[in-house]
Amino acid sequence: MDIQKIRSEFPILERRLYNRPLIYLDNTATSQTPDSVVKAIVDSYTTTKANVHRGVHTLSQEATELQENARRRVKEWINAASTSEVIFTRGTTEALNLVASSFGGMMLGEGDELILTVMEHHANIVPWQLLRDRIGFTIRVVPVTEDGQLDMDVYRGLFNDRTRLVSVCHASNVLGTVNPVKEMIAYAHSHDVPVVVDGAQAAPHLHIDVRDLDADFYAFSAHKMYGPTGVGVLYGKEKWLEKMPPYQGGGEMIESVSFEKTTFAELPYKFEAGTPDFIGISALSKAIDFMDALGVENIAAHEHELLEYTTRRMTEEIPGMRIFGNAPGKCAIISFLVGNIHHYDMGMLLDKLGIAVRTGHHCAQPLMHALGVEGVVRASFAAYNTLEECEAFIAALKRVTAILEG
């Protein structure tokens, strides 16, 4: 990949902070957006803005076609069987809430069991807890091994005749671990248990084939994969979506309404109440085009090079360095602490040197408790990051460590 050409598509990377070049290493939280995606958004606002599916006039028809083209593009990208299985949401969080409320409410009853893992994002914990508190089922949790992998023996041992559902992240937003979800799904299906996959951290780095995985549901967000904010995708097998009750009520998701009875629209519109972010949705297709043009495998290889280089330098050259998550094949995420330096102090001083990293518990407090820490510093890479930026990051770490330990 021509990294400088890639970087030229991201004007924000030319910013300077505190008179230093911006080094953006917070890609796991949200990636930056290329010109092609921004242009698509501007073009829609300036030439084709009209509500979708609700008008016979030209602008409405054009906007509708842009949105449905994006649905077809997503369907191809994840290898769904049909566009009916592609539901647009506001992000992974809303997608998981939809599944928990609608599918979970249908599948789980008092005394039943749901399997989660200790490395889940809060968005794949709290919706299930809200449902549990209403219904009365039990949440079982898969722990992690010392190097940050799921304990698969424990996972298999959690299944019993009360197990009704599994929900698991494809990749950890803290450890970078890529979980063996295909294996986990196959084992769950051997017990007739469906599986929900939180793909927010996997979609920017891995080729996603929902039919090869055999996932029952798969959720991800546009803003983590070079796309717009406020747009997400929920893939669901049609056999489940047909049976599920709607998540929200209102315009678009209805076929007919009277005060006596309401009938619902066909898939996928049954789960898309109200006016969607049709402009962001249409721009999502441009983000997919951007990733496809580079090649997801090429992006991952470049990120892995940065990950390996930076991890080696950090562990060899910075005393007291602790890196959390060392699973083979992990995503390009480095979560770390140095000695007794507080993660917030580290992040604040790195920012003064122009380096954007994330600090805190990363919406993964149960994992932090399991690791025995309150929070960590997290650096994460994307297609536009460079070895030179990694060098600058390491130099900044050394400087900040010397200041805070001095």
Side-chain angles (χ1 to χ4, degrees), residues 49-57 59-72 74-75 80-110 112 114 123-124 126-137 164-165 167 194 196 210 215-222 230-282 284:
K49 186 185 179 188
N51 215 326
V52 293
H53 294 296
R54 299 180 189 177
V56 297
H57 62 83
L59 291 185
S60 179
Q61 294 295 308
E62 289 176 350
T64 299
E65 185 62 17
L66 285 171
Q67 174 177 288
E68 295 311 312
N69 280 342
R71 198 186 307 273
R72 287 187 285 270
V74 171
K75 177 253 181 189
S82 165
T83 53
S84 297
E85 297 180 325
V86 176
I87 298 163
F88 290 122
T89 67
R90 292 180 298 160
T92 306
T93 296
E94 184 177 55
L96 294 171
N97 273 270
L98 188 163
V99 176
S101 178
S102 183
F103 187 66
M106 183 178 78
M107 295 293 292
L108 290 158
E110 186 176 358
D112 288 339
L114 161 75
N124 201 29
V126 179
W128 300 109
Q129 290 177 327
L130 294 173
L131 184 67
R132 176 200 61 189
D133 293 345
R134 294 201 305 269
I135 292 177
F137 59 86
R164 296 290 179 265
L165 195 58
S167 195
V196 182
V210 292
D216 296 278
F217 297 91
Y218 196 99
F220 58 95
S221 297
V231 175
V233 172
L234 173 65
Y235 159 81
K237 285 183 177 177
E238 192 166 347
K239 69 173 185 178
W240 296 125
L241 295 175
E242 289 284 7
K243 296 177 182 178
M244 289 161 52
Y247 173 54
Q248 295 177 321
E252 195 60 38
M253 52 75 66
I254 59 94
E255 182 180 88
S256 67
V257 175
S258 71
F259 282 106
E260 290 71 38
K261 180 179 176 60
T262 293
T263 57
F264 305 119
E266 62 183 10
L267 293 175
Y269 310 111
K270 183 173 79 169
F271 294 102
E272 294 180 353
T275 298
D277 184 358
F278 53 86
I279 289 177
I281 289 168
S282 64
L284 168 58

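Worth knowing before you read on, the calculation uses all heavy atoms, side chains too, and leaves out hydrogens, waters and symmetry mates. Quick caveat, the model's predicted, so the values are computed rather than measured.
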Counting N and O atoms only, with roles assigned by atom type, does the side chain of [X] sit under 3.5 Å from a partner on the main chain of [Y], one being a donor and the other an acceptor?
X      : Y      : answer
Arg71  : Val86  : yes
Gln61  : Gly55  : yes
Ser60  : Val56  : no
Thr64  : Val52  : no
Lys49  : Ile279 : no
Glu238 : Glu85  : no

* Run the side-chain contact (heavy atoms from CB on, under 4.5 Å) check on Phe103 and Asp216 step by step: do they pass? -> CA-CA 11 Å; Phe103 187 66; Asp216 296 278; 5.8 Å; no
[atom2] on [Y] to [atom1] on [X], rounded to 0.5 Å:
X      : Y      : atom1 : atom2 : result
Ile87  : Phe271 : CD1   : CZ    : 5.5 Å
Trp128 : Asn97  : CH2   : CG    : 9.5 Å
Ser101 : Arg134 : OG    : CZ    : 6.0 Å
Lys75  : Thr83  : NZ    : OG1   : 7.5 Å
Leu241 : Leu234 : CG    : CG    : 7.0 Å
Trp240 : Phe217 : CH2   : CZ    : 7.5 Å

For residues 88-96, please give each side-chain donor-acceptor pair under 3.5 Å, one per line with the distance, not counting sequence neighbours.
{"from": "Thr89", "atom 1": "OG1", "to": "Gly91", "atom 2": "N", "distance (Å)": "3.2"}
{"from": "Thr89", "atom 1": "OG1", "to": "Gly91", "atom 2": "O", "distance (Å)": "2.9"}
{"from": "Arg90", "atom 1": "NE", "to": "Glu94", "atom 2": "OE2", "distance (Å)": "3.1"}
{"from": "Thr92", "atom 1": "OG1", "to": "Ser221", "atom 2": "N", "distance (Å)": "3.2"}
{"from": "Thr92", "atom 1": "OG1", "to": "Ser221", "atom 2": "OG", "distance (Å)": "2.6"}
{"from": "Glu94", "atom 1": "OE1", "to": "Arg90", "atom 2": "N", "distance (Å)": "2.7"}

For the student: nearest non-hydrogen atoms of [X] and [Y], plus distance:
X      : Y      : result
Ser282 : Ala70  : CA-CB, 4.1 Å
Met244 : Ser102 : CB-OG, 3.3 Å
His57  : Ala50  : CE1-CB, 3.7 Å
Gly109 : Phe137 : O-CB, 3.5 Å
Pro276 : Ile281 : CB-CD1, 3.9 Å

* Sub-4.5 Å side-chain heavy-atom contact between Leu131 and Leu114 -> no
* Show your reasoning for whether side-chain contact (heavy atoms from CB on, under 4.5 Å) applies to Phe278 and Leu66. => CA-CA 8 Å; Phe278 53 86; Leu66 285 171; over 6 Å; no
* Charged N to carboxylate O under 4.0 angstrom, Glu65 versus Arg72? -> yes
